[in-house]
Amino acid sequence: MNQGALRPFLVKLAKNIEVSMVVTRFAPSPTGYLHIGGLRTALFNWLWARKNGGKFILRIEDTDLVRNSKEATEAILEAFKWVGLDYDGEVAYQSKRFDIYKRYIQKLLDEGKAYYCYMSKEELDKLRQEQIQRGERPRYDRRYRDFTGTPPQGVKPVVRIKAPLEGDVVFEDGIKGTITIRAEELDDFIIARSDGTPTYNFVVAIDDALMGITDVIRGDDHLYNTPKQIIVYEALGLKIPRFYHVPMILNEQGKKLSKRDGAMDVMEYKRMGYLPEALLNFLVRLGWSYGDQEIFTLKEMIELFDPKEINKAPSAYNLSKLDWLNAHYIKNTPNEKLISLLEDFGLFLANHDKKEILVDALKERAKTIKEMAQMAKEILEEPQSYDEKGVKKALKGEWREILELFLQKLQAKEAHLPVDFHQVVEEVVQERKIGFGKIGQPLRLALLGKMAGPDLSDIMAIIGKDKTIQRVEKLLKRYQ
RNA sequence: GGCCCCAUCGUCUAGCGGUUAGGACACCGCCCUUUCACGGCGGUGACGGGGGUUCGAGUCCCCCUGGGGUCGCCA
């Protein structure tokens with residue numbers, strides 16, 4: 001095959017590669033922390049890009065200079081870091097791209113596809129009120145669309161785009177199917193504010209096109225923005241990406257999620273002791289599933305995720321399922337890792353000689369790292385009071401004689417490991433011919449101050465012989 | 001209110017014209033066990049309502065009801 005014959009083939013190959021390339025993005029506006037709905041959207045985009053060996057871009061939508069904050073951007077970045085989502089290239093800031101948008105706005109102006117509108121905010125508000133009173137849908141009346149006269153003085157104009165006057169804007173949504181919006185429902189929306197800065201629907205379309213975004217996965221609160229963005233794409237002759245509008249996450253009552261619903265901030269989950277892998281697993285199953293599978297590693301998610309399979313209906317989150325997932329991931333996290341996570345909750349175990357026994361005992365029962373820290377403290381710290389019900393239940397019969405015998409035997413013995421302590425308890429049981437509970441219950445009360453907790457032998461080994469004796473003596477003394 | 005979208009156990013979901021409607025969380029029993037968990041076994045529990053289409057509808061169509069989104073010089 002000579003070069004001339006090969007060339008068309010290579011061109012075709014290159015085109016196919018381009019077609020199959022997937023570029024997604026997450027585009028938050030920096031007005032607050034990253035919330036769980038945003039994180040799910042980010043995850044979906046990230047998974048889809050990674051699955052296809054494509055790119056995932058993080059773009060900060062900060063065109064509204066007065067509402068943005070640097071802290072919010074940092075909070076979003078921090079949340080990304082915590083859950084372990086990465087992104088390709090540098091973070092893109094729209095505020096640094098104003099000159100680009102300006103050029104496109106000018107282009108539309110020059111081509112007569114956009115125009116200056118001199119209506120003031122007050123006039124607009126008045127118009128809207130009148131329309132609402134008449135029971136009409138409030139919308140701009142296009143009074144400056146074909147304006148040729150002398151513009152009013154002292155009004156800084158906005159730029160509006162000419163939306164189609166008739167027909168439908170139709171697009172294919174990867175989740176919801178064909179969406180049709182009639183032209184009458186759209187108005188000539190503003191693409192540049194009176195201060196010259198561009199607005200959301202305009203810059204989104206420009207950036208998605210310029211950055212080569214092929215798949216836009218976003219919340220379905222953007223569904224109605226899509227036809228507006230399509231108007232921009234078409235006015236500029238840009239390639240329209242595929243859209244996937246993900247239904248919202250609802251609160252536990254099945255109502256719209258609001259700031260009042262508590263744990264909205266992703267970082268709040270860290271503070272509550274959740275593991276990022278549990279949160280991600282929880283979130284990926286909200287609106288998406290793969291048969292009966294509940295547990296997904298990140299690798300499996302990448303392998304199996306497909307935005308086309310996302311549910312059409314909104315889903316309510318339920319914390320108890322997150323708890324279950326978190327408990328699962330805690331059980332499967334190496335002790336060393338747990339010990340370092342525990343430090344965020346004021347528990348420092350790194351130098352404790354029985355840390356393995358302690359963590360092993362706790363990881364089976366804790367739902368969160370925070371809870372785990374609490375349980376550990378209950379073991380490590382001498383009880384200051386005794387559970388009332390426990391006292392009634394455990395301190396009866398010959399409990400005193402039993403514990404005294406136990407103390408006597410323990411004092412006479414070397415004890416370090418759980419088996420050593422277990423052996424002492426066993427001897428008491430044998431000698432007194434009693435059931436394990438007869439000694440177990442008062443002993444547990446002495447050690448923990450309450451009736452629930454890990455294996456007694458483990459607890460004694462963790463705190464050691466001396467503290468065990470101290471605690472038993474304390475109980476004996478307290479209830480003479 | 002207009003427009004758009006949606007609807008299977010309390011919750012997350014499987015189902016893609018013929019299923020005893022499956023799984024998970026939660027809940028309730030039982031087992032394991034010195035206790036609490038974990039784990040194992042079992043149970044309660046759903047196709048919002050009404051019309052069609054079809055030999056046959058959770059699955060297709062229409063209406064109602066309910067829910068969500070949206071109607072900014074915010075994103």
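Chain letters run A, B, ... following the sequence lines, proteins first and then strands; every chain starts at 1. Just so it is clear, the values below take in all heavy atoms, side chains as well, and ignore hydrogens, waters and symmetry mates.
- Nucleotides B/G43 and B/A37 place their P atoms 22 Å apart, quoted to the nearest Å.
- The distance from atom CZ of A/R285 to atom C1' of B/A26 is 15 Å, rounded to the nearest whole Å.
- A/R128 has a side-chain polar atom (N or O) that falls below the 4.0 Å cut-off from OP1 or OP2 of B/C73.
- Between the base of B/C36 and the side chain of A/R365 there is a donor-acceptor pair shorter than 3.5 Å.
- Nucleotide B/A57 forms a pair with no other nucleotide shown, judged by Watson-Crick or G-U wobble geometry with both contacts under 3.5 Å.
- Separation of the A/Y224 and A/H245 ring centroids does not fall under the 6.0 Å cut-off.
- A ring-centre distance under 6.0 Å is found for A/W288 and A/F305.
- Distance CG (A/L186) to P (B/C3): 15 Å, rounded to an integer number of Å.
- A/P247 comes within contact range of no nucleotide atom at all, as no heavy-atom separation falls under 4.0 Å.
- Pairing for B/C71 goes to B/G1, judged as Watson-Crick or G-U wobble with the two contacts each under 3.5 Å.
- On the P atoms, B/C16 is 14 Å away from B/G22, given to the nearest whole Å.
- The partner of B/A14, taking Watson-Crick or G-U wobble pairs whose two distances both stay under 3.5 Å, does not exist in any strand shown.
- A distance of about 23 Å separates the P atoms of B/C5 and B/C9, rounded to the whole Å.
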Verdict with reasoning, A/V66 to A/D64, per side chain to side chain contact (heavy atoms under 4.5 Å, CB included): CA-CA 6 Å; A/V66 296; A/D64 188 349; 3.1 Å; yes
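- In this structure, the aromatic ring of A/F436 is positioned over the six-membered ring of the base of B/U34, centres within 5.5 Å and planes within 30°.
- Checking B/C5, B/C25, B/U34 against the side-chain heavy atoms of A/W324 singles out B/C25 as nearest.
- Here, B/G45 and B/G40 have their P atoms 24 Å apart, quoted to the whole Å.
- Residue contacts for A/T31: at a heavy-atom cut-off of 4.0 Å it reaches no nucleic acid atom on any strand shown.
- Against RNA chain B, the stretch residues 425-435 of chain A makes no heavy-atom approach under 4.0 Å.
- Within the 4.0 angstrom heavy-atom criterion, only backbone atoms of the sugar-phosphate kind lie near A/K255; the bases stay farther away.
- Which of B/A75, B/A24, B/C73 sits closest to the side chain of A/S194 comes down to B/C73.
- Between A/S315 and the phosphate of B/U11, there is no side-chain N or O to OP1/OP2 separation shorter than 4.0 Å.
- Among the heavy atoms of the strands lying under 4.0 Å from A/E61 are primed sugar atoms or P, OP1, OP2 only; no base atom is included.
- Two residues, A/K331 and A/K312, neighbour RNA chain B, and the one matched to the more 5' nucleotide by heavy-atom proximity is A/K312.
- Taking the six-membered ring for Trp and the full ring otherwise, the centers of A/Y200 and A/H222 sit less than 6.0 Å from each other.
- When the nucleotides B/U34, B/A75, B/G69 are ranked by their closest atom to the side chain of A/D221, B/G69 comes out on top.
- Checking B/A75, B/C12, B/G68 against every side-chain atom of A/D64, the shortest atom distance belongs to B/A75.
- Nearest to the side chain of A/N201, among B/A75, B/A24, B/U11, sits B/A75.
- Contact annotation for A/N225: base contact, defined as any heavy-atom pair under 4.0 Å involving a base atom.
- Across the interface with RNA chain B, nearest-nucleotide mapping of A/R182 and A/Q94 shows A/R182 to be the residue nearer the 5′ end.
- Using a 4.0 Å heavy-atom distance criterion, A/T180 is classed as a sugar-phosphate-only contact.
- Side-chain atoms of A/I181 lie closest to B/C4 of the nucleotides B/C36, B/C4, B/G23.
- Between A/N311 and B/A14, a side-chain N or O to OP1/OP2 separation shorter than 4.0 Å is present.
- Under the 6.0 Å cut-off for aromatic ring centres, A/Y115 and A/F147 do not qualify, their centroids lying 6.0 Å or more apart.
- A donor-acceptor contact under 3.5 Å links the side chain of A/E294 to the base of B/G23.
- Here A/K176 lies in heavy-atom contact (under 4.0 Å) with sugar-phosphate atoms only.
- Nearest nucleotide to the A/V158 side chain, out of B/C73, B/U35, B/C12: B/C73.
- Stacking of A/K370 on the aromatic ring of A/F345 is not recorded, the 6.0 Å distance cut-off and the 45° axial limit not both being met.
- Between A/R182 and A/E166 there is no salt bridge, since none of the side-chain N atoms of the basic residue sits less than 4.0 Å from a carboxylate O of the acidic one.
- Across the protein-nucleic acid pair, A/L223 atom CG and B/G69 atom P stand 13 Å apart, rounded to whole Å.
- Distance A/Y317 OH to B/U13 P: 15 Å, rounded to the nearest Å.
- Using a 4.0 Å cut-off between charged side-chain N and carboxylate O, A/D220 and A/K176 make a salt bridge.
- The distance between atom CG of A/L124 and atom P of B/C73, rounded to the nearest whole Å, is 6 Å.
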Considering only nitrogen or oxygen atoms on both sides, find all protein atoms under 3.5 Å from nucleotides 19-22 of chain B and state each distance.
residue : atom : partner : partner atom : Å
B/G22   : N2   : A/D292  : OD1          : 3.0

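- Across B/G56 and B/C63, the matching P atoms stand 23 Å from one another, rounded to whole Å.
- A cation-pi arrangement, defined by a distance under 6.0 Å to the six-membered ring centre and an angle within 45 degrees of its axis, is absent between A/R478 and A/Y386.
- If you take atom P in B/U13 and the same atom in B/C55, they sit 36 Å apart, rounded to whole Å.
- Remark: A/D188 engages A/R145 in a salt bridge, criterion side-chain N to carboxylate O under 4.0 Å.
- A gap of 24 Å separates the C1' atoms of B/U19 and B/U11, to the nearest Å.
- We find that A/E371 and A/R365 are not joined by a salt bridge, their nearest charged nitrogen and carboxylate oxygen being 4.0 Å or further apart.
- The CD1 atom of A/I105 sits 15.0 Å away from the NZ atom of A/K113 when rounded to the nearest 0.5 Å.
- Within the 4.0 angstrom heavy-atom criterion, base atoms lie near A/M119.
- The nucleotide B/G42 finds its pairing partner in B/C28, both defining distances of the Watson-Crick or G-U wobble pair being shorter than 3.5 Å.
- B/A7 is paired with B/U65 under the Watson-Crick or G-U wobble criterion, all donor-acceptor distances under 3.5 Å.
- Rounded to whole angstrom, the span from the CD1 atom of A/I295 across to the P atom of B/C25 amounts to 9 Å.
- Of the listed nucleotides (B/C25, B/G69, B/C71), B/G69 has the atom at the smallest distance from the side chain of A/D220.
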Working for ring-ring contact (aromatic ring centres under 6.0 Å, His included), residues A/Y118 and A/Y144: CA-CA 7 Å; A/Y118 295 88; A/Y144 283 99; 5.7 Å; yes
Salt bridge (charged side-chain N to carboxylate O under 4.0 Å, His left out) assessment of A/D125 paired with A/R128: CA-CA 5 Å; A/D125 285 344; A/R128 285 205 182 101; 3.7 Å; yes
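- Listed candidates were B/C4, B/A75, B/G69. Nearest to the side chain of A/H222 is B/A75.
- For A/I190, the listed nucleotide lying nearest its side chain is B/C73; candidates were B/U34, B/C73, B/C12.
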